[in-house]
Amino acid sequence: MPGLFSEELHFWDHISELRKRLIHALLGVAVTSSVGLYYADLIMKWLTKPFRDSGIANGHLSVLSPVEAFNVYIMVGIWGGVIIALPWVFYQLWRFVAPGLYKKERRTVIYLVFASTFFFLGGVAFCWWLLPRGIAFLASFSIGNSEVFWSLDKYLSFVVFMALAFGICFQLPLVMAVLIRLGLVKPKTFRESRRFAYVAIAVLSAAVTPTTDMFTMSAMMIPLIILYEISIVFGAMWQRKAQKKDQETVLYG
């Protein structure tokens with residue numbers, strides 16, 4: 001019974017620590033969301049910049065219901081606060097998992113967090129470059145001399161979805177590198193599956209990009225193909241380095 005009691009106590013210690021980290025993370029989000037609400041107008045100008053840069057003649061973003069402006073204002077402020085708070089949330093997650101990791105594993109997790117953030121922001125930045133062209137293409141389907149009156153709420157939802165989609169798609173190199181590092185997939189497999197991967201990337205690019213023209217689709221497909229090839233090279237280097245360390249550990253203890 002003492003052993004069982006100690007195991008239960010250890011479990012509840014983890015639950016208590018998790019609750020503490022969640023509370024800290026939520027408090028951080030609450031504070032930054034207040035900041036986001038204060039600067040909601042500035043965030044709104046930034047989010048609507050792709051629409052203004054698209055050069056649409058007679059184009060307007062409209063509020064179509066009495067509560068839409070209020071809902072958009074709250075949504076923009078809260079999401080802005082969540083994004084600002086992400087480093088703090090990741091830090092709380094790190095504080096929870098770090099005690100159970102070895103020193104080497106801690107370094108790996110830190111590298112992965114930084115790499116994931118870098119690729120995500122790269123995807124969002126690339127999306128921001130594509131959006132004005134995509135928006136102009138979609139607006140070109142207006143019939144006759146009709147003006148473009150898009151709902152502000154629908155437009156912002158579209159922009160946020162596209163930014164998230166590009167950010168997630170640009171995680172491809174990291175996913176491949178981790179699979180290679182864990183030994184689940186060999187670099188040779190990725191090289192031999194290159195044709196199928198290119199087709200999958202083409203389908204993904206066609207599904208995610210806001211337009212159907214070849215330029216916009218290629219603008220996403222080509223970087224993903226380049227990232228795919230780079231991931232194979234770096235994944236193979238990472239694997240060889242890990243194998244070398246394992247051999248040294250076996251030889252020298």
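A85 approaches T32 most closely through the heavy-atom pair CB-OG1, 3.2 Å. Here the closest non-hydrogen pair linking M176 and S231 is CE-CB, 3.7 Å. For the residue pair P173 and L227, the shortest heavy atom distance occurs at CG-CB, 3.6 Å. For the residue pair G80 and I43, the shortest heavy atom distance occurs at CA-CD1, 4.1 Å. Between C169 and L204, the shortest heavy-atom distance links the atoms SG-CD2, 3.8 Å.
Side-chain atoms of R191 do not come within 3.5 Å of backbone N or O of E229 as any donor-acceptor pair. Using modelled atom types, one side-chain atom of E68 and one backbone atom of D153 make a donor-acceptor pair closer than 3.5 Å. Between the side chain of T48 and the backbone N or O of K45, at least one donor-acceptor pair lies under 3.5 Å. Under the 3.5 Å distance criterion, the side-chain polar atoms of Y155 are left unmatched by any main-chain donor or acceptor of S62. Under the 3.5 Å distance criterion, the side-chain polar atoms of W128 are left unmatched by any main-chain donor or acceptor of A163. A donor-acceptor pair is defined here as one N or O able to donate and one able to accept, closer than 3.5 Å; such a pair exists between the side chain of Y73 and the backbone of L37. The backbone N or O of V185 lies less than 3.5 Å from no partner atom in the side chain of T189, so there is not a single donor-acceptor pair.
Here the OH atom belonging to Y228 is positioned 8.0 Å from the CG atom belonging to L172, to the nearest 0.5 angstrom. Taking CD from Q92 and CD1 from I23, the interatomic distance works out to 10.5 Å, rounded to the nearest 0.5 Å. Distance OG/S54 to NZ/K49: 11.0 Å, rounded to 0.5 Å. For the atom pair NE2 (H24) and OH (Y91), the distance works out to 10.0 Å, reported to the nearest 0.5 Å.
Around CZ of F149, the count of heavy atoms belonging to other residues, nucleotides or ligands within 6.0 Å exceeds 12. For Y39, the OH atom counts as loosely surrounded, since its 6.0 Å shell holds 12 or fewer non-hydrogen atoms of other residues, nucleotides or ligands. More than 12 non-hydrogen atoms from other residues, nucleotides or ligands lie less than 6.0 angstrom from OH of Y198.
Aromatic pair F51/W150: centroids less than 6.0 angstrom apart.
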Could you go through the side chain to side chain contact (heavy atoms under 4.5 Å, CB included) check for F120 and L164 one step at a time?
-> CA-CA 8 Å; F120 183 84; L164 289 175; 3.9 Å; yes
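In this structure, F126 and F170 have tilted ring planes: the angle between them lies in the 30° to 60° band.
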